[in-house]
Participant: 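First the structure, then my questions, so here it is.
Here is the naming used below: chain letters follow the sequence lines, and residue numbers restart at 1 for every chain.
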2 protein chains.
Amino acid sequence: MKRVSSVDVAKLAGVSQSSVSRVFSPNAKVSAEKRERILEAARQLGYKPNVLARSLITQSTNLIGIVIADVASLFYANFLSALSSQLRDLGKQVILFNVGLDQTADDVLPTLLEYRVDALIIAATTLSADMAAECAQQGTPVILFNREVELDQVSAICIDNEDGGRQIANLFLENQHRRYAYIAGIESTQTNQLREKGFMDRLLESGIDANMILREQGDYSYDSGFAAATRLLQADNRPDAIFCASDPMAFGVVDAARALGFSIPNDLSVAGFDNVPQAEWHTYQLTTIAQPLDSLLDATINVLTERLKGNESSKSKIDLFVGELRIRNSVRLK
Amino acid sequence: MKRVSSVDVAKLAGVSQSSVSRVFSPNAKVSAEKRERILEAARQLGYKPNVLARSLITQSTNLIGIVIADVASLFYANFLSALSSQLRDLGKQVILFNVGLDQTADDVLPTLLEYRVDALIIAATTLSADMAAECAQQGTPVILFNREVELDQVSAICIDNEDGGRQIANLFLENQHRRYAYIAGIESTQTNQLREKGFMDRLLESGIDANMILREQGDYSYDSGFAAATRLLQADNRPDAIFCASDPMAFGVVDAARALGFSIPNDLSVAGFDNVPQAEWHTYQLTTIAQPLDSLLDATINVLTERLKGNESSKSKIDLFVGELRIRNSVRLK
DNA sequence: TTGAAAGCGATACCAC
DNA sequence: GTGGTATCGCTTTCAA
């Protein structure tokens with residue numbers, strides 16, 4: 001219950017407090033005999049160095065702030081899981097902020113900055129230029145994950161969402177579909193906007209008549225996909241190819257279609273985005289754009305370590321990855 | 001880039017450093033005029049109090065350590081999401097450790113303790129008595145989530161897993177099934193052991209012949225459920241009622257059964273455990289035991305705040321909740 | 001109210 | 001190698 005500090009250990013071991021500190025520092029210079037005595041005393045007292053006090057002087061907390069929109073969403077839960085493991089291997093700890101899907105990171109960043117995090121990783125949401133400037137001024141590197149935003153001093157790791165939309169459009173076109181639909185994610189999110197733009201632009205470029213392209217509003221969730229598909233499929237001009245801004249919505253579409261008696265992919269082609277693990281499930285066999293999670297993570301870790309070292313070459317740069325089309329059985333081919 | 005401390009603010013505002021500190025303390029006693037001047041100076045310099053330095057003296061970090069096994073698993077992702085939001089509302093920050101499903105919390109706790117977390121929440125895994133004692137000695141409250149372990153000084157919030165197993169057995173029995181199977185989660189986990197025990201005991205108590213009860217080993221994942229079901233259903237003595245230690249395995253079972261041409265629930269009844277959001281999906285309509293997430297969270301937060309206040313009445317106590325049977329369409333009734 | 005000064009628990013530079 | 005001491009940025013008496 002009573003706190004034990006390096007002074008207590010020093011007293012018990014009969015050495016100076018400095019020596020105790022040295023034993024717990026990576027490049028110690030302590031005689032083997034003293035070191036033993038100190039470690040023994042530490043063990044007896046249950047002593048643990050206080051990293052907060054250490055941070056105060058070293059100016060480094062080994063804390064990485066992660067702000068993430070909707071940890072519970074399938075894709076980001078996987079992302080967080082992998083990322084936090086890798087950070088742990090680097091000796092970094094994660095301090096986590098979960099914000100709403102529609103929220104910005106601005107609200108929570110001040111708190112994170114108060115904890116003097118060594119760096120910030122912001123996923124699935126963005127921050128204002130002002131806040132970016134504030135982080136920069138404090139010398140806190142910011143890495144944006146999955147937002148294509150060009151901000152002074154911040155690094156961005158992102159998949160090419162627009163290209164992903166085009167890839168799906170191409171797949172639909174090559175396999176001769178007639179009427180298309182897009183089910184949107186939360187409208188204000190950039191991810192949604194770019195996926196939609198790529199898909200729509202490609203269809204229009206190829207000469208598809210604009211009124212052969214339908215659109216429904218969703219919110220990335222299964223339920224919203226289910227509802228949107230139900231509306232689309234009960235109308236006279238029902239589509240035979242639906243692209244969803246996220247995999248969960250696509251699952252909803254598949255289920256809704258089957259509930260109405262349609263067969264996938266014979267009557268209806270469905271494609272999603274992200275390639276969450278469920279996309280492989282036997283019922284769905286969903287064609288989708290895979291986020292290359294491993295590459296994205298590697299890039300994130302690389303940029304992070306470089307910026308922590310003070311290397312700023314990745315600053316104000318967007319690192320864009322191409323999504324990989326995963327063709328499964330939810331899209332009619334030929 | 002250059003750090004700014006309360007001293008800088010004090011200098012600019014022409015006051016003492018103490019006064020600056022007071023302005024940023026909850027129960028300040030500063031004249032309105034001075035306060036304004038200080039706030040203005042702080043704004044100009046971009047000053048933010050350093051919570052680490054504060055923690056050093058207040059002996060409270062407002063950090064809550066959460067260690068969780070497999071953040072990416074459906075149930076725990078939801079748990080983490082809700083929990084972190086609630087903690088944020090309390091002004092607490094989350095420092096997160098993601099460990100492997102088969103790992104213990106012991107390995108990572110020392111690090112967490114070095115950060116002087118105010119409390120620890122350990123989910124889906126357990127810790128040794130020694131480590132529990134160490135936390136207690138340091139005065140760090142420990143709350144175990146979803147492990148029924150009686151440890152000195154630690155509080156536990158848990159669902160009654162054994163009872164859940166019995167509930168499913170009862171449901172199967174009441175609706176006249178003939179041959180039963182249990183698909184296990186990772187064998188070493190307590191959750192799996194208790195769910196299995198409840199299910200098996202109830203079946204045997206009711207006079208079911210032991211060789212009418214099959215068992216397959218899984219690992220909580222969809223794939224393992226799919227594989228186990230494929231084995232079970234291709235054998236001569238195939239079961240007509242399968243209970244899975246987790247929902248994802250149950251989804252795998254449903255898909256495997258359908259792939260083999262069986263109809264759910266006419267040919268086969270399937271039940272899971274946890275009631276993850278996907279259990280409601282139209283394809284699955286999974287009968288399962290719901291973890292009362294809201295109640296569990298409330299209890300967790302309550303115990304946490306009590307223990308932070310120094311109230312120790314919940315120490316060494318297991319708070320057991322009853323899981324709620326959710327009957328959907330994956331089990332044949334009558 | 002306000003300012004001076006002690007201390008929280010470490011690191012790092014200094015002689016020795 | 002070792003110990004003494006200043007310092008990190010704050011909170012908290014204690015006088016004034």
Participant: Quickly, which of A/L144, A/L127, A/I64, A/L113 forms a side-chain contact (heavy atoms from CB on, under 4.5 Å) with A/L120? Name it, please.
Facilitator: A/L113

Participant: Verify the contact: side-chain N or O of B/S16 to OP1 or OP2 of C/dG3, cut-off strictly under 4.0 Å; return yes or no.
Facilitator: yes

Participant: For the residue pair B/F79 and B/F75, categorise the inter-ring angle as parallel (less than 30°), tilted (30 to 60°) or perpendicular (more than 60°).
Facilitator: parallel

Participant: Please give me the minimum heavy-atom distance between B/T300 and B/I143, naming the atom from each residue.
Facilitator: O-CD1, 4.0 Å

Participant: Is there a side-chain contact between A/T58 and the phosphate of D/dC8, meaning an N or O under 4.0 Å from OP1 or OP2?
Facilitator: no

Participant: Which is true for B/V30 with a 4.0 Å heavy-atom rule: it touches a base, it touches only sugar-phosphate, or it touches nothing?
Facilitator: sugar-phosphate

Participant: D/dC8 P sits how many Å from A/N50 CG, rounded?
Facilitator: 18 Å

Participant: Any N or O donor-acceptor pair linking the side chain of B/S18 to the base of C/dA4 at under 3.5 Å?
Facilitator: yes

Participant: Among D/dG3, C/dA10, D/dG9, find the nucleotide with the atom closest to the side chain of A/S19.
Facilitator: D/dG3

Participant: For A/K29 and C/dT11, give me the distance from atom NZ to atom C1', rounded to whole Å.
Facilitator: 18 Å

Participant: Test B/Y220 against B/T189 for side-chain hydrogen bond (donor to acceptor under 3.5 Å, both in side chains), laying out the working first.
Facilitator: CA-CA 11 Å; B/Y220 290 122; B/T189 60; 2.6 Å; yes

Participant: Return no unless some side-chain N or O of B/R3 is found under 4.0 Å from OP1 or OP2 of D/dG9.
Facilitator: yes

Participant: Answer with base, sugar-phosphate or nothing: what part of the nucleic acid does B/S5 contact at a heavy-atom distance below 4.0 Å?
Facilitator: sugar-phosphate

Participant: Can you tell me if the side-chain N/O atoms of B/S31 get under 4.0 Å from OP1 or OP2 in C/dT2?
Facilitator: yes

Participant: Just to confirm, is there a sub-4.0 Å distance from OP1 or OP2 of D/dC10 to any side-chain nitrogen or oxygen of B/S6?
Facilitator: yes

Participant: Inspect the contact between A/R37 and A/E40 and indicate whether a charged nitrogen and a carboxylate oxygen are less than 4.0 angstrom apart.
Facilitator: no

Participant: Under 3.5 Å, is there any donor-acceptor pair linking the side chain of B/R116 to the base of C/dG9?
Facilitator: no

Participant: Would you say A/Y47 reaches C/dA10's phosphate, i.e. side-chain N/O to OP1/OP2 under 4.0 Å?
Facilitator: yes

Participant: With a non-hydrogen cut-off below 4.0 angstrom, is B/S21 in contact with a base, only sugar-phosphate, or nothing?
Facilitator: base

Participant: Taking only side-chain nitrogens and oxygens of A/K34, does any of them come within less than 4.0 Å of OP1 or OP2 of D/dT2?
Facilitator: yes

Participant: Nearest to the side chain of B/R54, which nucleotide is it out of C/dA12, D/dT11, C/dA4?
Facilitator: D/dT11

Participant: Any side-chain N or O of B/Q59 less than 4.0 Å from the OP1 or OP2 oxygen of C/dG9?
Facilitator: yes

